[in-house]
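Take a look at the structure below.
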Amino acid sequence: MASLVQNWQQIKVLTFANMKARYRKTFVGFAWVVLNPILMYSVQSLVFKKFLQIDHPEYYLFLLGGLLPWIFINSSWDTCTTTITNASQVIKSFQISPLIILASSLLDCFINFFAAFLIMVIPTLLISQVFSINLMLLPLSISILVLFTVTTTSIFSILHVFYRDIKYVTHFAMSLLFFLTPIFYPPDYIPSSLQWIVNYNPIYIIIAPFQGCLYGGAIREILILQSQGLIISIILLGLFVRLWQKKKNELFLKL
Amino acid sequence: MNSSSSSSPIVTVEGLQLSYVIDHYTNRSVRDLFINLTRSPLKTLSTKERYYHVLNDINFEINHGDRVGLLGVNGAGKTSLCRCLAGMITPQHGRISINGSTRAIFDTGVGILPDLTGRENAEVISSLIYPDISQQERNLIIKDALDFSELDEFLDVPFLKYSKGMQTRLSLSLVSAKGCDLLILDEVYDGADVFFQEKVSARVMRMIENSGAVLFVSHSIEQIEKTCNRLIILNKAKVVFDGEVSDGVKHYKSLTRN
């Protein structure tokens with residue numbers, strides 16, 4: 001227990017020091033963290049709702065519910081896949097676990113996600129006047145999203161030490177998945193013969209419950225997706241633990 | 001084995017074995033892996049893991065007051081041994097028992113966040129080196145270390161502007177600010193000037209007198225003769241000497257000549 005508290009203290013110190021270093025250099029940096037999702041949301045709302053006229057009763061909430069977790073997963077993969085490799089000198093010099101450094105980067109991404117969530121979701125909910133009981137399920141959807149993002153990013157970050165082009169692979173995969181995941185279009189736009197693309201898409205399984213909680217999807221469907229998301233995340237957590245146990249010694253050789 | 005001071009061991013190492021898998025270095029990227037898988041899938045998937053033995057049947061004890069020098073040619077396993085003792089690496093076989101706290105530093109020319117000042121980096125580094133102390137004690141340690149480093153007006157300059165010597169001063173001042181049971185210093189004096197090396201050596205010696213022991217890795221025989229009262233030599237993954245510094249230095253010189 002004492003070591004958990006110590007680890008948490010170290011993660012906090014590193015996260016805030018990192019933010020301090022980043023935002024000191026450019027004050028616009030923090031604004032960009034919030035502006036980035038707002039701009040993406042505004043442009044996509046305009047294009048898909050007004051230009052392409054996608055028909056969905058609560059499209060603005062639907063899009064926001066898909067876009068925010070997408071940006072969280074994407075930015076975590078993008079930023080943190082290289083965290084262990086980039087911190088190689090610190091990891092090799094000090095008696096600190098690479099996982100602490102990785103956790104501090106992930107916390108940084110989560111803070112950005114949460115800031116964007118507070119700034120964008122609450123006003124949109126107030127404007128839309130959609131307050132369904134589904135909102136009660138939102139904390140669980142966020143927890144599953146965080147668990148999935150943390151485990152996948154940790155796996156990629158460890159693999160990046162051994163395979164230095166893994167970042168390009170994740171980047172490419174995300175650019176494909178953006179179109180294959182119903183973020184800006186409702187899932188019922190997909191023909192039934194191709195529904196399997198969504199059913200077997202883990203990113204959709206993780207994002208959809210978050211989306212459903214915001215715009216008021218069917219509770220039964222949200223609960224099923226949450227269960228699937230939890231199972232996927234736990235399996236990935238097991239994979240990560242196995243990978244870490246197998247590779248943690250050799251990490252120092254390759255850094 | 002030579003144990004120069006009191007009897008209760010701080011460190012007991014028994015039958016330590018460590019090896020690294022080296023097979024996957026043939027695939028250095030996902031692209032390589034993909035090419036190899038398409039070119040010869042059976043060979044790629046069925047290649048057996050090969051092991052490189054870094055440490056083999058290592059046994060020793062470190063007692064209170066021991067200032068142990070660790071010598072060996074490059075690749076002998078010195079840093080891997082230190083990382084095992086620091087808990088950063090888990091050996092495949094053997095037992096490491098440490099009676100007390102361990103503090104290890106492997107390079108002193110590293111700032112956590114180069115964009116932050118030396119003073120700010122000192123706060124971050126202290127939280128990594130001393131995770132188990134109160135904020136009040138941390139503030140005292142930082143103040144003591146910053147005074148000891150004599151970096152004065154450079155403390156508020158970004159760490160990335162520091163010379164190697166200044167970086168070393170900051171790190172060594174912090175790591176030697178508080179006693180611990182086992183202090184591991186792996187080639188850490190390299191960047192410091194002679195004056196500061198002597199100043200830190202004196203501080204480390206005082207620290208050891210007040211608390212535990214030190215494991216000191218260096219390629220400088222002169223530095224080891226000055227600092228240590230016992231020498232361990234690693235060669236080809238094994239301990240080939242453990243005893244008096246003067247005898248060990250002769251042994252090491254004969255090894256490097258052959």
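Chain identifiers are assigned alphabetically (A, B, ...) following the order of the sequence lines, protein sequences preceding nucleic acid strands; residue numbering begins at 1 within each chain.
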- Task: Go through A:Lys92, A:Gln9, A:Gln245 and name the one with the most non-hydrogen pairs under 4.5 angstrom from chain B.
- Result: A:Lys92

- When the 4.5 angstrom heavy-atom criterion is applied to A:Val169 and chain B, the contacting part is side chain

- Query: Are the side chains of A:Asn249 and B:Gln92 in touch, meaning some heavy atoms are under 4.5 Å apart?
  - Reply: yes

- Any chance CZ of A:Phe178 has more than 12 other-residue heavy atoms, nucleotides or ligands included, within less than 6.0 Å? yes

- Note on the structure: CG of B:Asp115 to NZ of A:Lys20, rounded to nearest 0.5 Å, is 12.5 Å

- Examine whether an atom of A:Gln89 lies under 4.5 Å from a heavy atom of chain B, and if so say whether it belongs to the side chain, the backbone or both; otherwise answer neither. both

- Query: Can you say whether A:Ile91 sits under 4.5 Å from chain B via the side chain, the backbone, both, or neither, judging by heavy atoms?
  - Reply: backbone

- Task: Heavy atoms only: give me the nearest A:Gln95-B:Arg103 pair and the separation to one decimal.
- Result: OE1-CA, 3.3 Å

- Proximity breakdown for A:Asn7 and chain B, heavy-atom pairs closer than 4.5 Å: neither

- Item | Spatial distance of atom CZ (A:Phe252) from atom OG (B:Ser80) [nearest 0.5 Å] | 9.5 Å

- Supply the atom-to-atom distance B:Asp32 CG to A:Arg164 CZ, rounded to the nearest 0.5 angstrom. 13.0 Å

- Query: Mind checking whether A:Leu253 and B:Tyr52 have side chains closer than 4.5 Å, heavy atoms only?
  - Reply: no

- Side chain to side chain, A:Glu250 and B:Tyr20, heavy atoms closer than 4.5 Å: yes

- Task: Check whether more than 12 heavy atoms from other residues, nucleotides or ligands sit under 6.0 Å from atom CZ of B:Phe154, and answer yes or no.
- Result: no

- The reported gap from CZ in B:Phe34 to OH in A:Tyr163 (rounded to nearest 0.5 angstrom) is 14.5 Å

- Item | Contact listing (chain A partner; residues 126-133 of chain B; heavy atom under 4.5 Å) | B:Ser127, B:Leu128, B:Ile129, B:Pro131, B:Asp132

- Rounded to the nearest 0.5 Å, how far apart are CD1 of B:Ile112 and CG of A:Asn18? 10.5 Å

- Task: Mind ranking B:Thr102, B:Leu18, B:Thr79 by heavy-atom pairs under 4.5 Å with chain A and telling me who comes out on top?
- Result: B:Thr102

- Query: Shortest non-hydrogen contact from A:Ala17 to B:Leu116?
  - Reply: O-CD1, 3.8 Å

